[in-house]
Amino acid sequence: MNYAVILAGGTGSRVGGDVPKQLLVMGGCTVLEHSVGAFASHPMIHEVLIVCHPSTFGEVEGIISRRQASGEWLSVCRIVEGGSTRAASSLAGIRAVQELSKGDDSPCILFHDAARPLVSADIITRVCRTLLIHRVVNVGIPVVDTVVEYDGMRQTAVLDRSRLLRVQTPQGFHLHTIAEAYRMALADPAFTATDDCGIVMRYLPYIPVHVVEGDERNAKLTYASDIPMFEYLLKQKH
């Protein structure tokens, strides 16, 4: 089975305002609803969990209730309390899926940023299909700008952009693989948070991370200046 974990625990401080960015209304509903809806309606996703901050539990529960009352989101099965970091929230999702998937010999987990409301069904399909063959799947798009290293004062190197990708989500894993990577990370006093594929690369370096094609539209809402673009693109979906 494929479990989607929507990471919605952030406060969105860079966007500004009193409302977390995942609860901003754009294109007729919240950013979270766009993101969750993409997975809840996908035939290769069996159950969806939402990781969020306790302060937003009530609002998220209300959204789920309304959606399920109208016959939607029937695969959304649980709200999980997030941690203080991205890695802590991912770990909370892993533990929840471990509990739900008891008896399942080959569960897979997909982590997706709630702040990426334009994820396409095609991207989700590519990740799920690749997980049939490989244990770890990332999503990336080519870097088109020149990228340089910088020491705070001067440019120190020009990187080969043909070997660089910009990473998106969902990132997909065989559950046992990502759980083992986190087990090793938590036992490491020098562990510092990175993205979930990065944790596998660091602690299980013998497991290859396969990459599937992303989409420029699958961008992350980060700054207040991003809002007009997202509002326009989300309106175009309907």
Side-chain angles (χ1 to χ4, degrees), residues 1-8 22 27 31-51 72-77 86 89-90 93-94 97 100-101 104-144 161-179 181 194-201 204-222 229-230 233-234 236-238:
M1 289 179 64
N2 293 321
Y3 299 81
V5 174
I6 311 302
L7 298 169
Q22 61 270 22
V31 170
L32 176 66
E33 287 173 90
H34 289 291
S35 297
V36 173
F39 291 85
S41 63
H42 197 284
M44 297 182 77
I45 299 297
H46 303 100
E47 295 193 356
V48 180
L49 299 81
I50 302 172
V51 179
E72 304 173 281
W73 288 25
L74 300 182
S75 61
V76 177
C77 62
R86 163 61 182 265
S89 291
S90 292
I94 290 168
V97 172
L100 286 169
S101 64
D104 184 350
D105 291 335
S106 56
C108 291
I109 184 169
L110 284 73
F111 292 108
H112 185 67
D113 300 323
R116 294 183 187 272
L118 287 159
V119 62
S120 68
D122 286 343
I123 291 176
I124 298 170
T125 298
R126 285 196 284 272
V127 173
C128 290
R129 285 180 175 169
T130 306
L131 284 171
L132 295 172
I133 306 169
H134 303 292
R135 288 194 275 174
V136 182
V137 184
N138 207 345
V139 176
I141 55 176
V143 172
V144 295
R161 67 185 181 190
S162 70
R163 296 175 57 83
L164 300 175
L165 291 173
R166 288 184 286 142
V167 170
Q168 300 182 335
T169 63
Q171 294 182 343
F173 307 86
H174 286 200
L175 178 61
H176 305 306
T177 298
I178 190 64
T194 179
D195 75 309
D196 298 303
C197 285
I199 291 174
V200 173
M201 288 188 67
L204 302 174
Y206 54 89
I207 296 179
V209 177
H210 289 263
V211 182
V212 299
E213 182 182 1
D215 188 326
E216 288 285 353
R217 290 167 60 92
N218 186 28
K220 188 175 184 180
L221 173 60
T222 305
M229 178 192 71
F230 277 93
L233 291 174
L234 288 168
Q236 301 305 304
K237 284 179 61 178
H238 301 288

Could you grab the distance from atom CD1 of Ile178 to atom CD1 of Ile94, nearest 0.5 Å is fine? 5.0 Å
Does Arg86 pair with Asp195 as a salt bridge, N-O distance under 4.0 Å? no
In Å and rounded to the nearest 0.5 Å, what is the CD1 to SG distance from Ile207 to Cys197? 11.5 Å
Here the pair of heavy atoms bringing Ala38 nearest to Ile124 is O-CD1, 3.6 Å
Mark yes or no for whether His134, through its side chain, and Val136, through its backbone, hold a donor-acceptor pair below 3.5 Å. no
Side chains of Ser120 and Asp215: any donor to acceptor distance under 3.5 Å? no
Of the options Val127, Thr169, Asp113, Asn218, which is the one that meets Val119 in a side chain to side chain contact (heavy atoms under 4.5 Å, CB included)? Asn218
What is the distance from atom CD1 of Ile123 to atom SG of Cys128, rounded to the nearest 0.5 Å? 12.0 Å
So CG of Leu233 and CZ of Arg217: to nearest 0.5 Å the spacing works out to 5.0 Å
Nearest-0.5 Å distance, CD1 of residue Ile109 to OG of residue Ser90: 8.0 Å
Rounded to the nearest 0.5 Å, how far apart are CD of Gln171 and CG of Leu7? 9.5 Å
Taking C-beta and beyond as the side chain, do Leu221 and Gln22 meet within less than 4.5 Å on heavy atoms? no
How close do Phe39 and Ile45 get, counting heavy atoms only, and between which atoms? O-CB, 3.5 Å
